[in-house]
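Before any comments, here is the structure.
From a predicted model like this one, the values you see are computed outputs, not experimental measurements.
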Amino acid sequence: MTVREHVDPLGSLDSGHLPHDESLHVDGTLPLGLDGTFLLSGPPPGGSYVAGGPALVSGVRLGGGTARRHRASGEPRGDVPGQAPGSAIWIRPTGPADPPPDGPCRASVAPPLKDRACAEWHTIATYPGLDTAEHLVIGADGRVLDARPFALDGAPLMRAVALTDRFVVVFDLPVTYRRAAAMIGAGSPYRWQHGRPARIGLLPRRAGDATEPLWFAIDPCFVLQTVNAHDDGHRVVVDAVRCARAFDTPEWSPGDAAGTSRAYRWTLDLATGAAHERPLTGALDLASVDPRQSGHRHQLIFGRAPGGRAVIGHDLAAGTTQVRELGPGWRAGRPVFVPRGVAEGDGWIVVLAQNAALRRSELLVLDALNLTGRPEAVVHVPATFPEAHSTTWLPAHHH
(Lines give C-alpha, C1' and ligand atoms only; values in the text may rest on other atoms or scores of the structure.)
Protein backbone atom coordinates (compact mmCIF):
# COMPACT_ATOMS: atom_id res chain seq x y z
CA MET A 1 0.00 0.00 0.00
CA THR A 2 1.17 3.51 -0.72
CA VAL A 3 -0.04 6.51 1.21
CA ARG A 4 0.21 9.25 -1.38
CA GLU A 5 -2.31 11.22 0.66
CA HIS A 6 0.27 12.05 3.35
CA VAL A 7 1.70 15.17 1.74
CA ASP A 8 2.15 18.32 3.82
CA PRO A 9 0.55 21.20 1.87
CA LEU A 10 1.63 23.77 4.43
CA GLY A 11 5.15 22.39 4.58
CA SER A 12 5.76 23.47 0.99
CA LEU A 13 4.58 27.03 1.62
CA ASP A 14 6.96 29.87 2.40
CA SER A 15 5.39 32.25 4.89
CA GLY A 16 7.23 35.14 3.27
CA HIS A 17 5.60 34.49 -0.10
CA LEU A 18 1.97 33.80 0.78
CA PRO A 19 -0.66 36.02 -0.85
CA HIS A 20 -1.83 38.74 1.55
CA ASP A 21 -5.01 40.66 0.84
CA GLU A 22 -5.57 43.40 3.37
CA SER A 23 -3.97 45.21 6.24
CA LEU A 24 -5.58 44.54 9.61
CA HIS A 25 -6.00 46.81 12.61
CA VAL A 26 -3.92 45.90 15.66
CA ASP A 27 -4.52 46.92 19.27
CA GLY A 28 -1.36 46.80 21.35
CA THR A 29 2.06 46.04 19.90
CA LEU A 30 2.94 42.94 17.93
CA PRO A 31 6.29 41.57 19.17
CA LEU A 32 9.04 42.03 16.58
CA GLY A 33 10.11 38.44 17.18
CA LEU A 34 6.71 37.18 16.07
CA ASP A 35 7.42 36.79 12.35
CA GLY A 36 5.36 34.23 10.45
CA THR A 37 1.85 33.17 9.52
CA PHE A 38 -0.92 31.76 11.67
CA LEU A 39 -2.48 29.24 9.27
CA LEU A 40 -5.71 27.28 9.25
CA SER A 41 -6.51 24.44 6.88
CA GLY A 42 -9.88 22.78 6.46
CA PRO A 43 -12.42 21.37 4.01
CA PRO A 44 -14.05 23.51 1.31
CA PRO A 45 -17.53 24.93 2.05
CA GLY A 46 -20.10 22.16 2.11
CA GLY A 47 -17.36 19.55 1.95
CA SER A 48 -15.83 17.20 4.46
CA TYR A 49 -12.31 16.27 5.36
CA VAL A 50 -11.01 13.81 2.77
CA ALA A 51 -7.36 12.86 2.66
CA GLY A 52 -5.93 13.88 -0.69
CA GLY A 53 -8.79 16.27 -1.45
CA PRO A 54 -8.82 20.04 -1.76
CA ALA A 55 -8.35 22.22 1.30
CA LEU A 56 -8.95 25.82 2.17
CA VAL A 57 -5.87 27.52 3.59
CA SER A 58 -6.33 30.88 5.31
CA GLY A 59 -4.78 32.85 8.12
CA VAL A 60 -3.01 35.98 9.29
CA ARG A 61 0.55 37.06 8.40
CA LEU A 62 2.42 38.76 11.24
CA GLY A 63 5.73 40.53 10.80
CA GLY A 64 7.46 43.85 11.33
CA GLY A 65 4.81 44.84 13.84
CA THR A 66 2.01 44.63 11.25
CA ALA A 67 -0.72 42.12 10.37
CA ARG A 68 -2.22 41.20 7.02
CA ARG A 69 -5.00 38.79 6.22
CA HIS A 70 -4.37 35.76 4.04
CA ARG A 71 -7.74 34.93 2.49
CA ALA A 72 -8.90 31.35 1.98
CA SER A 73 -7.48 29.69 -1.09
CA GLY A 74 -7.89 26.17 -2.42
CA GLU A 75 -4.83 23.97 -2.12
CA PRO A 76 -4.56 20.40 -3.33
CA ARG A 77 -3.44 18.44 -0.34
CA GLY A 78 -3.33 15.24 1.55
CA ASP A 79 -3.08 15.46 5.27
CA VAL A 80 -0.98 17.83 7.33
CA PRO A 81 1.11 15.42 9.39
CA GLY A 82 1.52 16.51 12.97
CA GLN A 83 -1.18 19.18 12.56
CA ALA A 84 -3.91 16.64 12.87
CA PRO A 85 -7.46 16.96 11.55
CA GLY A 86 -10.33 16.79 13.94
CA SER A 87 -11.03 13.15 13.16
CA ALA A 88 -9.06 10.09 12.25
CA ILE A 89 -7.92 9.98 8.63
CA TRP A 90 -9.54 7.69 6.11
CA ILE A 91 -7.39 6.24 3.35
CA ARG A 92 -8.88 4.57 0.30
CA PRO A 93 -5.98 3.18 -1.76
CA THR A 94 -6.38 2.75 -5.51
CA GLY A 95 -8.92 0.02 -6.16
CA PRO A 96 -12.53 -0.65 -7.17
CA ALA A 97 -14.88 2.30 -7.34
CA ASP A 98 -17.25 0.64 -4.86
CA PRO A 99 -15.16 -1.51 -2.52
CA PRO A 100 -16.87 -3.76 0.03
CA PRO A 101 -17.70 -1.72 3.15
CA ASP A 102 -15.72 -4.00 5.46
CA GLY A 103 -12.85 -4.82 3.13
CA PRO A 104 -9.20 -3.92 3.69
CA CYS A 105 -9.42 -1.20 1.03
CA ARG A 106 -10.46 1.17 3.84
CA ALA A 107 -8.21 2.08 6.70
CA SER A 108 -8.36 4.20 9.82
CA VAL A 109 -5.07 6.02 10.32
CA ALA A 110 -4.06 8.13 13.32
CA PRO A 111 -2.79 11.62 12.44
CA PRO A 112 0.98 11.13 11.99
CA LEU A 113 3.55 12.50 14.43
CA LYS A 114 6.98 13.70 13.41
CA ASP A 115 10.09 12.18 14.93
CA ARG A 116 11.88 15.13 16.53
CA ALA A 117 15.25 13.55 15.63
CA CYS A 118 14.68 13.18 11.88
CA ALA A 119 12.27 13.93 9.04
CA GLU A 120 10.21 10.76 9.47
CA TRP A 121 6.57 10.56 10.56
CA HIS A 122 4.96 7.69 12.48
CA THR A 123 1.37 6.51 12.63
CA ILE A 124 -0.79 3.43 13.20
CA ALA A 125 -3.33 2.07 10.69
CA THR A 126 -6.13 -0.44 11.26
CA TYR A 127 -8.05 -2.27 8.53
CA PRO A 128 -11.68 -3.43 8.83
CA GLY A 129 -11.91 -7.12 8.05
CA LEU A 130 -8.34 -7.81 9.11
CA ASP A 131 -7.06 -8.69 12.59
CA THR A 132 -3.88 -6.79 11.84
CA ALA A 133 -2.69 -3.24 12.28
CA GLU A 134 0.41 -1.56 10.86
CA HIS A 135 3.00 0.83 12.19
CA LEU A 136 3.67 3.09 9.20
CA VAL A 137 6.87 5.10 8.86
CA ILE A 138 6.36 7.93 6.37
CA GLY A 139 8.96 10.09 4.66
CA ALA A 140 8.82 13.86 4.23
CA ASP A 141 7.50 13.34 0.67
CA GLY A 142 4.55 11.27 1.89
CA ARG A 143 5.91 7.91 0.82
CA VAL A 144 5.64 4.93 3.14
CA LEU A 145 9.21 3.97 4.05
CA ASP A 146 8.27 0.99 6.20
CA ALA A 147 5.10 -0.87 7.20
CA ARG A 148 5.42 -3.13 10.23
CA PRO A 149 2.37 -5.33 10.94
CA PHE A 150 1.25 -6.48 14.37
CA ALA A 151 -1.80 -8.36 15.68
CA LEU A 152 -4.83 -6.23 16.61
CA ASP A 153 -8.40 -7.48 16.31
CA GLY A 154 -11.65 -5.57 15.83
CA ALA A 155 -10.24 -2.68 13.75
CA PRO A 156 -10.41 -0.05 16.53
CA LEU A 157 -10.65 3.57 15.46
CA MET A 158 -7.21 5.19 15.37
CA ARG A 159 -7.64 8.75 16.57
CA ALA A 160 -4.24 9.35 18.17
CA VAL A 161 -0.69 8.07 18.43
CA ALA A 162 2.29 9.12 20.56
CA LEU A 163 6.06 8.78 20.28
CA THR A 164 8.90 8.38 22.73
CA ASP A 165 12.54 7.74 21.91
CA ARG A 166 11.96 4.00 22.34
CA PHE A 167 8.30 3.37 21.56
CA VAL A 168 5.30 4.10 19.41
CA VAL A 169 2.30 4.39 21.74
CA VAL A 170 -0.78 2.54 20.44
CA PHE A 171 -4.32 3.03 21.80
CA ASP A 172 -6.63 0.00 21.57
CA LEU A 173 -9.92 1.45 22.81
CA PRO A 174 -13.59 0.35 22.76
CA VAL A 175 -14.55 2.20 19.56
CA THR A 176 -14.48 -0.31 16.72
CA TYR A 177 -15.62 -0.73 13.13
CA ARG A 178 -19.24 -1.82 12.59
CA ARG A 179 -20.02 -3.39 9.23
CA ALA A 180 -23.77 -2.77 9.60
CA ALA A 181 -23.21 0.95 10.16
CA ALA A 182 -20.99 1.10 7.08
CA MET A 183 -23.52 -0.74 4.90
CA ILE A 184 -26.37 1.65 5.73
CA GLY A 185 -24.17 4.66 5.01
CA ALA A 186 -23.92 6.00 8.56
CA GLY A 187 -21.84 9.13 9.01
CA SER A 188 -19.28 7.07 10.90
CA PRO A 189 -19.03 3.28 10.76
CA TYR A 190 -17.45 3.24 14.24
CA ARG A 191 -19.36 2.58 17.47
CA TRP A 192 -18.64 2.19 21.17
CA GLN A 193 -18.33 -1.55 21.91
CA HIS A 194 -19.67 -2.43 25.36
CA GLY A 195 -17.47 -4.89 27.21
CA ARG A 196 -14.40 -4.47 25.05
CA PRO A 197 -11.31 -3.88 27.23
CA ALA A 198 -9.21 -0.75 26.81
CA ARG A 199 -5.43 -0.88 26.70
CA ILE A 200 -2.32 1.06 25.73
CA GLY A 201 0.44 -0.65 23.78
CA LEU A 202 4.14 0.17 23.60
CA LEU A 203 5.53 -0.89 20.22
CA PRO A 204 9.34 -0.89 20.10
CA ARG A 205 10.77 1.38 17.42
CA ARG A 206 14.25 -0.11 17.02
CA ALA A 207 14.86 -2.72 14.35
CA GLY A 208 15.38 -6.15 15.85
CA ASP A 209 13.23 -5.46 18.93
CA ALA A 210 9.91 -7.18 19.61
CA THR A 211 7.42 -6.81 16.77
CA GLU A 212 4.33 -6.95 19.01
CA PRO A 213 3.29 -4.24 21.48
CA LEU A 214 3.62 -4.66 25.23
CA TRP A 215 0.04 -4.09 26.39
CA PHE A 216 -1.19 -2.33 29.56
CA ALA A 217 -4.83 -2.57 30.68
CA ILE A 218 -6.52 0.78 31.45
CA ASP A 219 -10.02 1.92 32.35
CA PRO A 220 -12.44 2.09 29.37
CA CYS A 221 -12.27 5.49 27.68
CA PHE A 222 -11.60 7.14 24.34
CA VAL A 223 -8.54 9.29 23.56
CA LEU A 224 -9.32 12.43 21.57
CA GLN A 225 -5.69 13.51 21.15
CA THR A 226 -2.27 12.94 22.65
CA VAL A 227 -0.51 15.72 24.54
CA ASN A 228 3.00 14.28 25.00
CA ALA A 229 4.86 11.11 25.93
CA HIS A 230 8.36 10.38 27.22
CA ASP A 231 10.56 7.59 28.55
CA ASP A 232 11.39 7.70 32.26
CA GLY A 233 13.76 4.85 33.08
CA HIS A 234 11.74 1.63 33.33
CA ARG A 235 8.54 3.64 32.94
CA VAL A 236 6.82 5.40 30.04
CA VAL A 237 4.65 8.44 30.74
CA VAL A 238 1.76 9.20 28.37
CA ASP A 239 -0.43 12.32 28.58
CA ALA A 240 -3.58 12.60 26.46
CA VAL A 241 -7.02 14.20 26.33
CA ARG A 242 -9.57 11.47 27.03
CA CYS A 243 -13.31 11.21 27.53
CA ALA A 244 -15.29 8.53 29.33
CA ARG A 245 -17.23 7.35 26.26
CA ALA A 246 -17.43 8.12 22.55
CA PHE A 247 -19.41 7.11 19.46
CA ASP A 248 -22.14 5.61 21.62
CA THR A 249 -24.86 7.14 19.42
CA PRO A 250 -24.99 7.46 15.61
CA GLU A 251 -24.96 11.26 15.94
CA TRP A 252 -22.00 11.43 18.34
CA SER A 253 -19.49 14.24 17.81
CA PRO A 254 -16.47 15.43 19.84
CA GLY A 255 -18.65 18.20 21.27
CA ASP A 256 -20.63 15.53 23.09
CA ALA A 257 -17.54 14.75 25.16
CA ALA A 258 -17.43 18.25 26.66
CA GLY A 259 -18.56 17.11 30.09
CA THR A 260 -15.96 14.36 30.51
CA SER A 261 -12.94 15.32 28.38
CA ARG A 262 -9.78 16.29 30.27
CA ALA A 263 -6.06 15.59 30.21
CA TYR A 264 -5.04 12.31 31.84
CA ARG A 265 -1.67 10.77 32.59
CA TRP A 266 -0.85 7.08 32.30
CA THR A 267 2.40 5.88 33.85
CA LEU A 268 3.27 2.50 32.34
CA ASP A 269 5.69 0.34 34.33
CA LEU A 270 7.73 -1.91 32.05
CA ALA A 271 8.98 -3.98 34.98
CA THR A 272 5.60 -4.89 36.46
CA GLY A 273 3.21 -4.43 33.53
CA ALA A 274 1.05 -2.13 35.64
CA ALA A 275 -0.55 1.12 34.47
CA HIS A 276 -1.30 3.94 36.86
CA GLU A 277 -3.67 6.64 35.61
CA ARG A 278 -4.80 9.96 37.01
CA PRO A 279 -6.40 13.18 35.76
CA LEU A 280 -4.04 16.11 35.21
CA THR A 281 -6.52 18.90 34.50
CA GLY A 282 -10.11 19.95 34.72
CA ALA A 283 -12.37 19.93 31.68
CA LEU A 284 -10.70 20.74 28.34
CA ASP A 285 -11.04 19.46 24.79
CA LEU A 286 -7.71 20.53 23.25
CA ALA A 287 -4.28 20.49 24.84
CA SER A 288 -0.62 20.72 23.88
CA VAL A 289 2.82 21.44 25.30
CA ASP A 290 5.67 23.73 24.31
CA PRO A 291 6.77 21.83 21.16
CA ARG A 292 10.40 21.95 22.29
CA GLN A 293 9.36 19.58 25.11
CA SER A 294 7.92 16.98 22.75
CA GLY A 295 9.27 13.60 23.79
CA HIS A 296 10.62 15.05 27.06
CA ARG A 297 9.25 15.61 30.55
CA HIS A 298 7.08 18.75 30.54
CA GLN A 299 5.74 21.02 33.23
CA LEU A 300 3.23 23.15 31.32
CA ILE A 301 0.06 22.26 29.39
CA PHE A 302 -1.82 24.79 27.27
CA GLY A 303 -5.35 24.10 26.17
CA ARG A 304 -8.90 25.16 25.50
CA ALA A 305 -12.00 24.75 27.64
CA PRO A 306 -14.79 22.66 26.09
CA GLY A 307 -16.57 24.59 23.38
CA GLY A 308 -13.82 27.21 23.22
CA ARG A 309 -15.15 29.42 26.02
CA ALA A 310 -11.67 29.92 27.55
CA VAL A 311 -7.94 29.49 27.00
CA ILE A 312 -6.26 27.53 29.79
CA GLY A 313 -2.72 27.04 31.06
CA HIS A 314 -1.73 24.41 33.65
CA ASP A 315 1.53 24.33 35.61
CA LEU A 316 1.75 20.72 36.74
CA ALA A 317 4.68 21.31 39.09
CA ALA A 318 3.19 24.33 40.84
CA GLY A 319 -0.35 22.96 40.76
CA THR A 320 -1.69 26.25 39.36
CA THR A 321 -4.12 27.00 36.55
CA GLN A 322 -4.63 30.11 34.44
CA VAL A 323 -8.04 30.58 32.82
CA ARG A 324 -8.64 33.34 30.31
CA GLU A 325 -12.40 33.51 29.76
CA LEU A 326 -13.66 34.90 26.48
CA GLY A 327 -16.64 37.20 26.25
CA PRO A 328 -20.21 36.05 25.48
CA GLY A 329 -20.50 34.73 21.93
CA TRP A 330 -16.74 34.35 21.45
CA ARG A 331 -15.17 30.94 20.92
CA ALA A 332 -11.48 30.08 20.80
CA GLY A 333 -9.90 27.74 18.29
CA ARG A 334 -6.78 25.66 18.89
CA PRO A 335 -4.11 27.61 20.82
CA VAL A 336 -0.70 27.55 19.13
CA PHE A 337 2.55 27.98 21.05
CA VAL A 338 5.27 30.10 19.39
CA PRO A 339 8.70 29.99 21.10
CA ARG A 340 10.44 33.19 22.21
CA GLY A 341 13.27 32.32 24.63
CA VAL A 342 14.86 29.01 25.53
CA ALA A 343 13.06 27.98 28.74
CA GLU A 344 9.89 25.91 28.68
CA GLY A 345 6.88 28.19 28.30
CA ASP A 346 8.94 31.21 27.24
CA GLY A 347 6.87 32.22 24.24
CA TRP A 348 3.48 33.33 23.03
CA ILE A 349 0.12 31.65 22.76
CA VAL A 350 -1.49 32.70 19.49
CA VAL A 351 -5.18 31.81 19.33
CA LEU A 352 -8.04 32.77 17.02
CA ALA A 353 -11.29 33.80 18.74
CA GLN A 354 -14.41 34.10 16.59
CA ASN A 355 -17.90 35.52 17.07
CA ALA A 356 -20.32 34.07 14.54
CA ALA A 357 -23.15 36.49 15.40
CA LEU A 358 -20.93 39.54 14.89
CA ARG A 359 -19.08 37.92 11.95
CA ARG A 360 -15.81 39.05 13.47
CA SER A 361 -12.58 37.42 14.58
CA GLU A 362 -9.72 38.41 16.85
CA LEU A 363 -6.26 36.90 16.77
CA LEU A 364 -4.97 37.09 20.35
CA VAL A 365 -1.25 37.21 21.10
CA LEU A 366 -0.80 36.23 24.76
CA ASP A 367 2.25 35.79 26.96
CA ALA A 368 2.21 32.03 27.53
CA LEU A 369 3.28 32.48 31.16
CA ASN A 370 0.66 35.16 31.84
CA LEU A 371 -2.48 34.13 29.98
CA THR A 372 -4.77 36.22 32.15
CA GLY A 373 -2.76 39.41 31.69
CA ARG A 374 -3.32 42.08 29.08
CA PRO A 375 -2.82 40.67 25.55
CA GLU A 376 0.41 41.80 23.93
CA ALA A 377 -1.63 42.40 20.79
CA VAL A 378 -5.11 41.83 19.37
CA VAL A 379 -5.47 41.62 15.59
CA HIS A 380 -9.00 42.52 14.45
CA VAL A 381 -10.39 40.66 11.43
CA PRO A 382 -13.74 41.89 10.03
CA ALA A 383 -14.85 38.35 9.14
CA THR A 384 -14.88 34.79 10.41
CA PHE A 385 -12.68 32.02 9.06
CA PRO A 386 -13.79 28.71 7.55
CA GLU A 387 -13.86 25.60 9.70
CA ALA A 388 -10.32 24.41 10.40
CA HIS A 389 -9.12 20.87 11.00
CA SER A 390 -5.47 21.96 11.24
CA THR A 391 -3.97 25.02 12.88
CA THR A 392 -0.26 25.81 12.79
CA TRP A 393 2.35 28.54 13.01
CA LEU A 394 4.54 28.84 9.92
CA PRO A 395 7.70 30.85 10.69
CA ALA A 396 8.85 33.33 8.05
CA HIS A 397 12.10 31.38 7.62
CA HIS A 398 10.22 28.12 6.94
CA HIS A 399 10.82 26.53 3.53
Side-chain angles (χ1 to χ4, degrees), residues 1-15 36 39 41 51 77-85 88-89 91 107 109-125 133-150 158-171 200-214 225-233 236-240 268 270 288-298 336-339 342 344 347 390-399:
M1 182 186 75
T2 59
V3 190
R4 296 188 306 274
E5 294 89 341
H6 286 287
V7 177
D8 185 348
L10 303 185
S12 62
L13 297 177
D14 184 337
S15 180
L39 279 178
S41 175
R77 67 103 199 261
D79 188 47
V80 185
Q83 302 297 330
I89 306 162
I91 290 179
V109 185
L113 287 184
K114 187 177 186 296
D115 186 336
R116 58 189 174 85
C118 64
E120 295 176 349
W121 302 79
H122 294 258
T123 187
I124 300 295
E134 284 186 312
H135 167 209
L136 302 178
V137 183
I138 303 167
D141 60 357
R143 295 180 181 273
V144 175
L145 305 178
D146 195 8
R148 306 168 189 169
F150 60 94
M158 287 291 111
R159 175 92 182 214
V161 67
L163 288 179
T164 75
D165 288 338
R166 292 185 292 166
F167 299 102
V168 178
V169 181
V170 183
F171 297 94
I200 297 177
L202 298 180
L203 185 62
R205 293 177 55 181
R206 289 190 293 261
D209 285 348
T211 58
E212 296 294 322
L214 176 63
Q225 65 154 115
T226 53
V227 178
N228 197 15
H230 68 274
D231 299 309
D232 183 19
V236 175
V237 179
V238 181
D239 291 356
L268 312 176
L270 297 169
S288 62
V289 299
D290 180 335
R292 296 169 296 184
Q293 298 303 119
S294 179
H296 299 287
R297 185 190 307 271
H298 61 272
V336 175
F337 184 92
V338 182
V342 295
E344 180 183 359
S390 302
T391 304
T392 190
W393 175 258
L394 189 68
H397 57 74
H398 179 90
H399 296 286

Salt bridge (charged side-chain N to carboxylate O under 4.0 Å, His left out) for D165 and R116? Distances and angles first, verdict last.
CA-CA 9 Å; D165 288 338; R116 58 189 174 85; 2.7 Å; yes

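- Looking at heavy atoms from C-beta onward, F167 lies out of side-chain contact with L214 at the 4.5 angstrom threshold.
- For the atom pair L163 CG and W121 CH2, the distance stands at 10.5 Å (nearest 0.5 Å).
- For the pair F171/I200, a side-chain contact is recorded, criterion being any heavy-atom separation below 4.5 Å from C-beta on.
- In this structure, CD in E120 is found 9.5 Å from NZ in K114, a value given to the nearest 0.5 Å.
- Looking only at distances, a side-chain donor or acceptor of T123 sits under 3.5 Å from a matching main-chain atom of A110.
- Residues L270 and R166 have side chains in contact (heavy-atom distance under 4.5 Å, counting atoms from C-beta outward).
- V161 pairs in a side chain to side chain contact (heavy atoms under 4.5 Å, CB included) with only one of the listed residues (L136, V168, L203), which is V168.
- Judged by distance alone, with hydrogens and angles left aside, the side-chain atoms of R292 form no donor-acceptor pair with the main-chain N or O of P339 at under 3.5 Å.
- Looking only at side-chain heavy atoms (C-beta outward), L268 and L202 come within less than 4.5 Å of each other.
- Partners of H122 under the ring-ring contact (aromatic ring centres under 6.0 Å, His included) rule, at least two apart in sequence or in another chain, are H135.
- Between the N228 side chain and the H298 main chain, no donor and acceptor come within less than 3.5 Å of each other.
- Annotation: the span from L113 atom CG to I138 atom CD1 amounts to 10.5 Å, rounded to 0.5 Å.
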